[in-house]
Amino acid sequence: MNILVINCGSSSLKYQLIDSETEKVLAKGLCERIGIDGALTHQPAGKDKIKTTPAMPDHTVAIQLVLEQLTDPENGVVKSLDEISAVGHRVVHGGEKFTSSCIITDEVIKEIEACNVFAPLHNPACLIGINACKELMPNLPMVAVFDTAFHQTMPAKAYLYAIPYKYYEKYGVRRYGFHGTSHQYVSAKAAEILGKKPEDLKIIVCHLGNGASLSAVKYGKCVDTSMGLTPLEGLVMGTRSGDLDPAILEFIANQENLTLSEVMNILNKESGVAGLSGVSSDFRDVRAAAEDNEIAANALEVHRYRVAKYIGAYAAAMNGVDAIAFTAGLGENDSESRAVISEYLGYLGAKIDPERNDVRGEDAIISTDDSKVALLCVPTNEELMIARNTAALV
Ligand code: ADP
């Protein structure tokens, strides 16, 4: 069956039409500048991208345009909307309510709304996408796939913060974690590449993109992850600080005469390798600058060191690790980062093979045959995971 996968942002919308039997992408594309002017890039499989700039006042119009592209006599990939069996929506925050994907009902929409408080920028955009699809395709089953759901198996010792317990009880302040669809896909794929079952392995997934998170997946279940109540915690990211001493917030606010919101904005948008290097949030730019710029070189070291520290922590959390998988923009493409991070892991008996590590964006075992821990490069595929979860439910 054909599944339309929708990933909605506040002013953008990514889509893929996936045949769930063959797992082939029939077409994919992106709507940008929704509510501003509008730009649509549509790409049928095996054909060139088609770029247009139709007016896109809101998400409903954007999705209407996507449906027109998908059924277009020339550039379309299906004859009519009857050939689409279901829609899978990426939803960022499902709180504690959603431990797996689910069919979208009015009740589910209310529950997602209740999670808006945790992801005020992302969840309302997901809901706009859901409501727009409901309006345009009222009889089609729709499924919500949550970034947080895979992490709901974490034990209390991993998800509780050491602050007064009443804040967890009253407001749900705890670790939720994100990128769950990616961690789920990559951990399962890593096991498959190794010819083993996830239930037999302790795996650490390093999702290293602009946003970055690690997860400890023990016997197929997530037991810890580095992002927290929000996607700010954990690793050093493109523009996000990751972990820091919480007292820094008040200190900077006082020194610079800023409000708490202004400091939060700095931690989310002006920190990470961008803030540290002063060069860019794009790791490729920072790498290029690092050749003759010590500050940029330091920024990369801080990033890689933090990843290595988290791997150590998760090896301890699981009392061992069988496989470490690198994924997302940096993890899939940057062999130098993978090599430097792996150098910290000698004590685990992990040995990277420089030749095998010379890969970009493909499934590969990159450790030596005698490495005690398997190191892997595994391109993530969140859209496919959303299509799989959707097909399974409808
Ligand atoms: P997100 O989905 O969080 O926006 P991605 O997973 O797309 O992020 O990753 C984007 C990041 O991947 C960018 O910062 C980019 O620098 C990095 N990246 C992509 N290709 C390479 C490469 N060849 N070497 C180093 N970094 C890369």
Side-chain angles (χ1 to χ4, degrees), residues 20 23 99-101 145-159 175 177-208 212-227 234 307-328 331-332 338 341-342 344-353 356-357 359 362-382 384-389 391-393:
S20 65
E23 300 205 327
T99 56
S100 60
S101 307
V145 180
F146 300 92
D147 273 23
T148 47
F150 182 62
H151 302 304
Q152 277 296 309
T153 46
M154 278 187 290
K157 66 182 175 186
Y159 70 68
R175 175 182 313 287
F178 299 87
H179 296 139
T181 316
S182 175
H183 287 286
Q184 184 183 15
Y185 175 84
V186 172
S187 55
K189 189 77 190 178
E192 187 191 316
I193 295 167
L194 294 170
K196 300 209 167 130
K197 292 196 198 119
E199 298 80 54
D200 295 330
L201 292 172
K202 296 171 183 173
I203 304 176
I204 296 174
V205 177
C206 309
H207 179 112
L208 308 177
S213 66
L214 250 73
S215 67
V217 185
K218 191 177 182 182
Y219 309 140
K221 292 204 161 80
C222 176
V223 293
D224 208 343
T225 191
S226 59
M227 283 179 167
V307 176
K309 279 211 296 191
Y310 262 96
I311 291 174
Y314 288 171
M318 295 192 288
N319 198 359
V321 53
D322 300 305
I324 300 169
F326 294 93
T327 193
E332 290 167 23
R338 292 193 301 250
I341 292 165
S342 300
Y344 287 100
L345 310 177
Y347 72 100
L348 290 170
K351 274 195 229 163
I352 198 156
D353 181 319
R356 291 181 183 172
N357 185 37
V359 284
E362 54 184 278
D363 293 335
I365 297 174
I366 55 171
S367 46
T368 59
D369 288 338
D370 64 346
S371 178
K372 291 212 176 80
V373 181
L375 305 172
L376 300 104
C377 169
V378 182
T380 192
N381 196 337
E382 289 160 280
L384 177 58
M385 201 71 219
I386 294 172
R388 280 184 189 164
N389 287 351
L393 279 169

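All values below were derived from every heavy atom in this structure, side-chain atoms included, with hydrogens, water molecules and symmetry-related copies excluded. For the single chain, residues carry numbers from 1 onward in sequence order.
- No donor-acceptor distance shorter than 3.5 angstrom exists from the side chain of K218 to the backbone of V223, with no hydrogens or angles considered.
- S215 and H207 form no side-chain donor-acceptor contact under 3.5 Å, judged by distance and modelled atom types alone.
- At a threshold of 4.5 Å between non-hydrogen side-chain atoms, the residues N389 and L393 do not count as touching.
- Side-chain contact between V373 and L345 is absent, with no heavy-atom pair separated by less than 4.5 Å.
- Taken to the nearest 0.5 Å, the CD atom of Q152 stands 13.5 Å off from the NZ atom of K221.
- Residues I324 and C206 have side chains in contact (heavy-atom distance under 4.5 Å, counting atoms from C-beta outward).
- Listed for the S371 side chain is no donor-acceptor partner under 3.5 Å among the backbone atoms of A374.
- For R338 (side chain) and G331 (main-chain N/O), a donor-acceptor pair under 3.5 Å exists by modelled atom type.
- Using a 4.5 Å heavy-atom threshold, the side chains of I311 and V321 count as separate.
- Checked by atom type and distance alone, the side chain of R175 pairs as donor or acceptor with a backbone atom of A158 at under 3.5 Å.
- Between Y219 and D200 the shortest side-chain heavy-atom distance does not fall below 4.5 Å.
- By the 4.5 Å heavy-atom criterion applied to side chains, K351 and S367 are not counted as neighbours.
- Contact of the S226 side chain with the Y314 side chain is registered, since non-hydrogen atoms from C-beta on lie closer than 4.5 Å.
- The line from CG of D147 to OG1 of T181 is 5.0 Å long, rounded to the nearest 0.5 Å.
- Formation of a donor-acceptor pair under 3.5 Å by the T225 side chain with backbone atoms of L214 is found in this model.
- Note: D224 CG to I204 CD1 = 10.0 Å, rounded to the nearest 0.5 Å.
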Tell me, with the steps shown, if R388 and Y185 meet side-chain contact (heavy atoms from CB on, under 4.5 Å).
CA-CA 10 Å; R388 280 184 189 164; Y185 175 84; 4.0 Å; yes
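- Here CG of N357 is found 11.0 Å from CG of L376. Values are rounded to the nearest 0.5 Å.
- Atoms CZ and OG, on F146 and S100 in that order, are 8.5 Å from each other to the nearest 0.5 Å.
- Counting heavy-atom neighbours within 6.0 Å of D370 CG, excluding the residue itself, gives a total above 12.
- With contacts defined as side-chain heavy-atom distances shorter than 4.5 Å, the pair V307/Y344 does not qualify.
- Just one residue in the list K189, E332, H183 forms a side chain to side chain donor-acceptor pair (under 3.5 Å) with T327, and that residue is E332.
- Distance CG/L208 to CD1/I341: 5.5 Å, rounded to 0.5 Å.
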